Amino acid sequence: MPADAFWEDDVWNSGPKDPSGRRVGTWTSWRASGEVECVEEWGDGTQRLEYRRFHPDGSESQRGAKNLVKDVWTGLMRWTRLDVTSPEDQYWDPDLGEAVRVIEREFDDDGYVMTERSFDAQGRPVGRDGEPLPPRPANVPAEAFYNPDEQGWVLQRSALVTGDLRGERRLWDRNGVLGERSVHEPAGTPREEDTYQSGELWMSKRWADNGDMVQSFYYGDTDPPAVRSATLYRNEQKDRTETFFDTQGRSCTRCAWRRSGRTTSAAIMMIGWCSR
């Protein structure tokens, strides 16, 4: 440990700074017991940070990179767990299965997780639960990962900490049949949602900037899919107007409801009815 090392954040630290006091170049941190805990490469301190963390036995526990301009994680991040207890376990995802020893997550340029891969102690790909992966269907993109909780393949961008979704998300079952599609923009804000049954569009939702939402259901035997009914929800979903269509897209019936008083089913009052 160099003589200029100083104690901060429960570790010994050593590395250069520029005239403004910003970290630059290579920085190293040691645990109180003397093992190297982390090595950071700051470059000129303004663009990119690359780091590696280590278990007490010297093996790598974590590595990744950060875009210092945007202050977001970027590129590949990798976590490795030992068979024995390590102080690095505090950074391990507790939701992962016991058999998982490595997890990799890839971040886009805005800091959202684009995909993830898990491996067991022998380096074999496994799911987050540690179980072997099902065969990847030919139509499922390579970036999609298998989520055992949803029993399907997921293609999405999500925030690492909050889980907020951004952009388009798709979910296929283990055999590659599309089950869900949604769009979230900005992050965490739903804009579109499609649900499929046996690969056919069954229901969709669309949100407007003011919070209004249209929910549509589709006939199951038309190509392209034809709307069977569409309901417009307004006023925080207290008011709704439902329109029914035939298979040719012609309006057949329209109903409107307004919720009054407390939110009980008995408080729903029909305020209008019109036919074609």
Side-chain angles (χ1 to χ4, degrees), residues 108-115 137 139-141 143-145 147 149-160 162-173 175-260 262-265 267-276:
D108 65 14
D109 292 338
D110 294 319
Y112 288 87
V113 179
M114 298 186 299
T115 190
N139 64 306
V140 172
E143 297 80 8
F145 62 93
N147 186 337
D149 292 337
E150 299 190 82
Q151 298 184 352
W153 300 91
V154 179
L155 183 66
Q156 65 181 31
R157 288 192 296 164
S158 61
L160 177 63
T162 65
D164 285 346
L165 297 171
R166 182 180 183 185
E168 186 179 63
R169 180 182 191 270
R170 289 177 181 258
L171 170 67
W172 297 264
D173 69 16
N175 298 315
V177 179
L178 184 62
E180 297 177 10
R181 173 194 169 276
S182 59
V183 175
H184 304 256
E185 201 67 50
T189 303
R191 294 295 186 184
E192 302 178 6
E193 180 181 306
D194 297 329
T195 303
Y196 297 79
Q197 290 186 345
S198 300
E200 302 294 333
L201 184 59
W202 172 69
M203 185 270 289
S204 67
K205 294 180 181 180
R206 297 294 184 268
W207 285 266
D209 290 339
N210 63 0
D212 291 355
M213 186 267 285
V214 175
Q215 181 180 34
S216 302
F217 290 89
Y218 295 80
Y219 287 99
D221 54 357
T222 61
D223 187 19
V227 175
R228 176 169 55 85
S229 67
T231 305
L232 171 62
Y233 292 88
R234 312 182 72 174
N235 189 23
E236 299 181 344
Q237 299 194 14
K238 295 184 178 68
D239 301 336
R240 69 180 188 181
T241 301
E242 186 170 12
T243 305
F244 296 86
F245 302 88
D246 64 18
T247 56
Q248 304 303 311
R250 295 172 298 195
S251 174
C252 299
T253 307
R254 179 172 298 152
C255 321
W257 290 267
R258 174 169 298 158
R259 188 179 297 274
S260 61
R262 298 190 179 276
T263 55
T264 61
S265 57
I268 298 178
M269 176 179 62
M270 183 187 300
I271 61 171
W273 178 281
C274 62
S275 59
R276 182 175 48 177

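In what follows, residues are counted from 1 in the order of the sequence shown. Worth saying up front: this structure is predicted, and the values here are computed from it rather than measured.
For Gly167 against Arg157, the heavy-atom pair with the smallest separation is CA-NH2, 4.2 Å. Minimum heavy-atom separation, Ala226 to Thr247: CB-O, 3.7 Å.
Within the 4.5 Å cutoff, the side chain of Trp153 has heavy atoms near those of the Pro137 side chain. Asp209 is listed as a side-chain neighbour of Arg191, based on a closest heavy-atom distance under 4.5 Å.
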Can you list the steps and then say if Asn210 with Asp212 is a side chain to side chain donor-acceptor pair (under 3.5 Å)?
-> CA-CA 6 Å; Asn210 63 0; Asp212 291 355; 3.2 Å; yes
Evaluate the criterion salt bridge (charged side-chain N to carboxylate O under 4.0 Å, His left out) for residue pair Arg169 and Glu150; output intermediate values, then yes/no.
-> CA-CA 13 Å; Arg169 180 182 191 270; Glu150 299 190 82; 2.5 Å; yes
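The CD atom of Gln215 sits 8.0 Å away from atom OG of Ser229, with the distance rounded to the nearest 0.5 Å. In this structure, CD on Gln151 lies 9.5 Å from CG on Asp173, to the nearest 0.5 angstrom. Separating the CE atom in Met114 from the CD atom in Glu143 is a distance of 8.0 Å, to the nearest 0.5 Å. Interatomic distance, CD of Gln156 versus CD of Glu180, reported as 10.5 Å (0.5 Å rounding). Here CG of Leu178 is found 9.5 Å from OG1 of Thr195. Values are rounded to the nearest 0.5 Å. Considering CZ of Arg228 and OG1 of Thr222, their distance stands at 11.0 Å, rounded to 0.5 Å.
Partners of Ser158 under the side-chain hydrogen bond (donor to acceptor under 3.5 Å, both in side chains) rule, at least two apart in sequence or in another chain, do not exist in this structure. For Glu242, the salt bridge (charged side-chain N to carboxylate O under 4.0 Å, His left out) test picks out no residue, with sequence neighbours left out. The salt bridge (charged side-chain N to carboxylate O under 4.0 Å, His left out) check on Arg181 picks up Glu168, Glu192, Asp194, with sequence neighbours excluded. For the side-chain contact (heavy atoms from CB on, under 4.5 Å) test, no residue two or more places apart in sequence or in another chain qualifies with Pro224. With sequence neighbours excluded, the residues forming a side-chain contact (heavy atoms from CB on, under 4.5 Å) with Thr162 are Ala159, Asp164, listed by chain and number.
Residue pairs that meet the ring-ring contact (aromatic ring centres under 6.0 Å, His included) test with at least one member in residues 189-237, sequence neighbours left out, are Trp202-Phe217.
Judged by distance alone, the side chain of Asn235 and the main-chain N or O of Gln237 form no donor-acceptor pair under 3.5 Å. Asn175 places no side-chain N or O within donor-acceptor distance of the main-chain N or O of Val177, the cut-off being under 3.5 Å. In this structure, the side chain of Asp110 does not engage the main chain of Tyr112 through any donor-acceptor pair within 3.5 Å.
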